[in-house]
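Residue numbers count from 1 along this sequence. Keep in mind it's a predicted model, so treat the numbers as computed, not measured.
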Amino acid sequence: MKKIMTQYKGLPREAYVLIIGEFINSTGNFVIPFLTFILTLSLGIEPSEAGIWITIVTILYIPGSLIGGKLADSNSRKAVIITVLALKALIFVICAFIGFDKLLIFLLMLSMFLGAVASPSLRSLLADVSTRENRQAVYSLMYLSINLAMSISPLIAGLLYQKYPHYLFIGDAATLVIAITLYLLFIPNKPKLRAAPISNDSKDKVEGSVYSFLSKNTAILFMLTCMYLYYVIYSQHSFSLPIHLNTFHENGPALFGMLMAINGFTVVLLTSVITYFTKNNSSSKNMGLSGALLGIGFGMIFIADSVTMLVISTVIWTIGEILTSTNSEVFIANNTKSQFRGRVFGLFSVIKSAGLTTGPLLGGFYIGLFNVKLIWPVVFCVSIVYCLLVYFAHMKNKKMSEQNSELRSEVNG
């Protein structure tokens, strides 16, 4: 265990600051988990209308991520993070004082939009201050800290909402201010790039738009496509799985809650272990393994005839989740030049939103045509396609890296 935890020692100071700041911010993320309660109970909105507003929130992540990516690449990433998070904190303070008025809806929509704007700068800055050697550990620690925070946040938010609902907004604003203070004090205005990312271009600089960059880096395009498939697959755990449990098992909601608790415990207990034992693999190899585990884990649900099999299934697909979550951004960071990282991470966020949104739609359409049990063989097949695309991305990246090495040898020769 000591060896496993030492992988997180000696990381760049800026990385620790960003991770601690994100942990604090996520721990105080009280509003989003209770958005449905705020809309339906506090504001008295009908569930159908509340569903529309929550869909709008998801849609707002798309322009927010694209704008945030552009800002991250054309401005100081630290400045973008601090400015956007400060505006978000101010909005939450206003929300606390205006009470549960219809204006609150629009302020909350704006706060979600700003959260999407800040994300590409945070991800890009984390890539800038890490190296190829420690990047997997950095992103693993970030993933672990966010999941720990998200297990704490709903508990605190639930207690606050019962007696002091306005404190949800004050708490969210307070943790944002703490995170901003850490960034102001401990992140340099121009953090030193720890290492240059791999370039798939023979030139030292890649000119043109991000689309021009992506056209020359098809490995990243393959990987972005893979991520869409991943989130379509992953979304079935929160959509198709509850329907399946409610159809074939007594007390489906309680069983679903237990499986989600197992998912959370697996993430917390095994993320460090999995990162340690896969640290010598390439990020793409780990993601390919993830696809196989997702296919096996979700595919098992088709034949699961006991709670024990469902528990084993959950542990298997959760390990797949850990491998993709801790390696996908590493792949992008390792293969994207710093001046394009913000926009590529912005596209990554858009694709994530698209996968999480269309996954339930596609799943619901298929279940309506056939039945929920038959969704799991389809998920298995899509997972295999995901594995194959990751393999193609890996081979494409390997080939382009070899070509670059040959070009460098010719120039040096």
Would you say the side chains of [X] and [Y] form a donor-acceptor pair under 3.5 Å?
X	Y	result
Thr318	Asn263	yes
Ser338	Asp128	yes
Ser130	Arg135	yes
Trp317	Glu321	no

His166: what forms a ring pair (Phe, Tyr, Trp, His ring centres under 6.0 Å) with it, not counting sequence neighbours?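 Listed in chain order: Phe100.
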
Any non-hydrogen side-chain atom of [X] less than 4.5 Å from a side-chain atom of [Y]?
X	Y	result
Ser140	Thr271	yes
Leu71	Val117	yes
Asn371	Ile367	no
Asn397	Ser284	no
Ser328	Tyr230	no
Ile56	Trp53	yes
Arg123	Ile332	no
Leu66	Leu347	yes

Could you tell me the separation between the [atom1] atom of [X] and the [atom2] atom of [Y], rounded to the nearest 0.5 Å?
X	Y	atom1	atom2	result
Asn281	Thr275	CG	OG1	11.5 Å
Leu141	Leu18	CG	CG	11.5 Å
Phe348	Arg341	CZ	CZ	14.5 Å
Leu35	Ile54	CG	CD1	5.0 Å
Met287	Thr326	CE	OG1	9.5 Å
Thr27	Ile146	OG1	CD1	10.0 Å

Check step by step if side chain to side chain contact (heavy atoms under 4.5 Å, CB included) holds for Val210 and Asp73. CA-CA 10 Å; Val210 68; Asp73 287 340; 5.8 Å; no

Minimum heavy-atom distance between [X] and [Y], given as atom pair plus value:
X	Y	result
Phe186	Arg13	O-NH2, 3.1 Å
Val267	Ile322	CA-CD1, 3.9 Å
Phe222	Ala393	CB-CB, 3.6 Å
Thr357	Thr58	OG1-CG2, 3.0 Å
Val379	Phe298	CG1-CB, 3.7 Å
Leu60	Met109	CD1-O, 3.6 Å

Is it the case that the side chain of [X] and the backbone of [Y] share a donor-acceptor pair, with hydrogens and angles ignored and the cut-off at 3.5 Å?
X	Y	result
Asn147	Tyr143	yes
Asn286	Thr324	no
Ser215	Ser212	yes
Thr175	Gly171	yes
Arg77	Ala72	yes
Gln7	Ala137	no
Ser153	Asn29	yes
His237	Tyr234	yes
Ser238	Ser235	yes
Ser349	Phe345	yes

For [X], does the [atom1] atom have more than 12 heavy-atom neighbours from other residues, nucleotides or ligands under 6.0 Å away?
X	atom1	result
Tyr167	OH	no
Met260	CE	yes
Lys78	NZ	yes
Phe380	CZ	no
Lys352	NZ	no
Phe248	CZ	yes

In this structure, which one of Ile94, Ile91, Ile38 forms a side-chain contact (heavy atoms from CB on, under 4.5 Å) with Phe169?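 Testing Phe169 for a side-chain contact (heavy atoms from CB on, under 4.5 Å) against Ile94, Ile91, Ile38 leaves exactly one candidate, Ile38.
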
Decide yes or no on side chain to side chain contact (heavy atoms under 4.5 Å, CB included) for Val330 and Arg132, but give the supporting numbers first. CA-CA 8 Å; Val330 172; Arg132 288 181 58 83; over 6 Å; no

Derivation and outcome, side chain to side chain contact (heavy atoms under 4.5 Å, CB included), residues Asn134 and Thr131: CA-CA 5 Å; Asn134 62 31; Thr131 67; 3.3 Å; yes

Between Phe370 and Tyr366 (judged by ring centroids, cut-off 6.0 Å), do the two rings come close enough to count as a pair? yes

Checking Lys3 against Tyr276: charged group under 6.0 Å from the ring centre and within 45 degrees of the axis? no

Tyr228/Thr358 under side-chain hydrogen bond (donor to acceptor under 3.5 Å, both in side chains): CA gap, chis, key distance, verdict: CA-CA 10 Å; Tyr228 172 75; Thr358 59; 2.7 Å; yes

Take Ile170 and Phe92 through the side chain to side chain contact (heavy atoms under 4.5 Å, CB included) test and state the conclusion after the steps. CA-CA 7 Å; Ile170 295 296; Phe92 282 138; over 6 Å; no

